[in-house]
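Only one structure is covered here, and it is reproduced in the block below.
Atoms within each ligand, like the ligands themselves, are counted from 1 in listed order. Residue numbers start at 1 and run along the sequence shown.
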Amino acid sequence: MHKPIRWRDGQAVRRGESGHELSEAQLLALEDKYCSHGDTVHYTIPPKIFDSCEGSFLFDAAGREYLDLQMWYSAVNFGYRNARLDAAVRRQLDRLPQLASQYLHREKIELAAQIAQDAEQKFGAKGRVHFNVGGSQAVEDSLKLVRNFKKGKSLMFAFEGGYHGRTLGASAITSSYRYRRRYGHFGDRAQFLPFPYHFRGPKGMSKEEYGHHCVKQFERLFESEYNGVWDPKAGEAEYAAFYVEPVQGTGGYVIPPKNFFVDLKRVLDQHGILLVVDEIQMGFYRTGKLWSIEHFGVKPDVIVFGKAITNGLNPLAGLWAREELISPTVFPPGSTHSTFSANPMGTAIALEAMKMMRETDYEAMVAEKGAYLLDGLRDLQRRHKIVGDVDGLGLALRMEICEPHDSFTPSKAIVDRMVDEALKGDLDADGKKYGLVLDIGGYYKNVVTLAPSLHITKHEMDLALKLLDRVLQRVGQA
Ligand SMILES: Cc1ncc(COP(=O)(O)O)c(C=O)c1O
């Protein structure tokens, strides 16, 4: 165990900003009173306070180890306190940590060049990179870019189960009405189409057939002007772009069939609709490729990225777009920017992360670790009736929790209990007590979405499977 900071009256205590020592109970009381609860989700009551981190683990103030299988919703792909990336922070901190975004610094330029050169090599298209701070803001920027290029067309297609962020524009193309319900409409809500979620698709269709079926349903919209999206006389669609996550993130790590995006892109190309790929959660080798869309053999018009590009350190997000959409004549200086976009700390870390990704064979490493974990999950599925489905692409893995009588009816209640049990920190393995950090997603909020560190060791993977087994046993018996 890590050493607690200090103990007082049997409680771990930490030093507050003003020099006062606050117990955990005091901190929680202050949080309850002074923190907006609107900027977080309290999955457990009381919410958990963590104190430190290393590699694949978070530690509470008592020093208990929690194996993290969600890594800050996939923002910390390269492990907590990654020495190489942390060193980049220190170097930048000592040289040029702050700079107004109207001036240039080498890290911004080199990072943009690397991303654009990589995309040119992979997708055969010249392009540019535009930075912002968070994922939702980068999605907002992509909406402006697309609307500008499509001469003000503001309608978008997106998928049921898709998630693109919580700002007003991003939530308009995110499928959950819950995220919009209390705020009215600020922009146009996307038209949401079914994603090939095979486990819950029609019976009797293979995964490939179901993917094909979903595209056919979409293609039907263009059959006649009366289907509502296409003017055959003008040869023009009312919609500007289709926003996709190649593997759905918040939607429950749903992996489409291999042929799906090739089929979909054919329909988009025929009707002049852009393909915007949201790689915010699945990018940076989460699935074993820099961009998850690389698994599916299509060329995107725009890629939006964020999260793991800085391994969860100084925030940075952005987009890559084909030159036609983003050249300075089309998208001139000042089209949309923010004080902290392309900040020196974020770009320095991201540049080092990109170098690390080039120098390390993440593709082979992630595929191998992902296959090992998926095998383990399949074994858990065989032994626990509440595990209805498991699947994975690289280290983006899913475990869908269902009622035991049919291993199909979604059970949010069981998954909620799993999260609680996992966070108690009292799971036995190898003669020690551990906690487990899990994240929940899915259309029915019944999917454990597993996004471990890409640097997870074999020993840690075995530990993860053991701890998941313990949790499944506890909630399965209850
Ligand atoms: C696919 C996807 N798009 C967009 C976002 C929004 O990014 P942020 O939370 O950084 O605003 C997220 C965040 O989880 C995401 O997973």
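- Contact check for F131 versus Q137: no side-chain heavy atoms found under the 4.5 Å cut-off.
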Which donor-acceptor pairs under 3.5 Å do side chains of residues 114-129 form with protein atoms, sequence neighbours excluded?
from : atom 1 : to   : atom 2 : distance (Å)
Q114 : OE1    : R358 : NH1    : 2.7
D118 : OD1    : K122 : NZ     : 3.0
D118 : OD2    : K122 : NZ     : 3.0
E120 : OE2    : K126 : NZ     : 2.8
K122 : NZ     : E294 : OE2    : 3.1
R128 : NE     : E323 : OE1    : 2.9
R128 : NE     : E323 : OE2    : 3.2
R128 : NH2    : E323 : OE2    : 3.1

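- Every atom of ligand 1 with a heavy atom of D278 under 4.0 Å away is listed here by number and element: 1 (C), 2 (C), 3 (N), 4 (C).
- Taking OH of Y285 as the start and CG of L454 as the end, the distance is 10.5 Å to the nearest 0.5 Å.
- Atoms of ligand 1 lying under 4.0 Å from any heavy atom of G135, numbered from 1 in the order shown and given with element: 7 (O), 8 (P), 10 (O), 11 (O).
- Sorted by first and then second residue, the pairs that involve residues 175-190 and meet side-chain hydrogen bond (donor to acceptor under 3.5 Å, both in side chains), not counting sequence neighbours, are S154-D188.
- Each of the following atoms of ligand 1 lies closer than 4.0 Å to a heavy atom of G165: 4 (C), 6 (C).
- At the shortest separation from atom 16 (O) of ligand 1 among protein heavy atoms lies Q281 NE2, 2.8 Å.
- Every atom of ligand 1 with a heavy atom of Y163 under 4.0 Å away is listed here by number and element: 1 (C), 2 (C), 3 (N), 5 (C), 12 (C), 13 (C), 14 (O), 15 (C).
- Figure legend: K307 and F284 shown without cation-pi pairing, the cationic atom not lying both under 6.0 angstrom from the six-membered ring centre and within 45 degrees of its axis.
- When atom types are taken as modelled, the side chain of R398 and the backbone of G252 share a donor-acceptor pair closer than 3.5 angstrom.
- Residue contacts with ligand 1 for K307 involve side-chain atoms from C-beta outward but no N, CA, C or O (heavy atoms, distance under 4.0 Å).
- Atoms of ligand 1 lying under 4.0 Å from any heavy atom of E245, numbered from 1 in the order shown and given with element: 1 (C).
- Residue, atom and distance of the protein heavy atom nearest to atom 9 (O) of ligand 1 are S136 OG, 4.4 Å.
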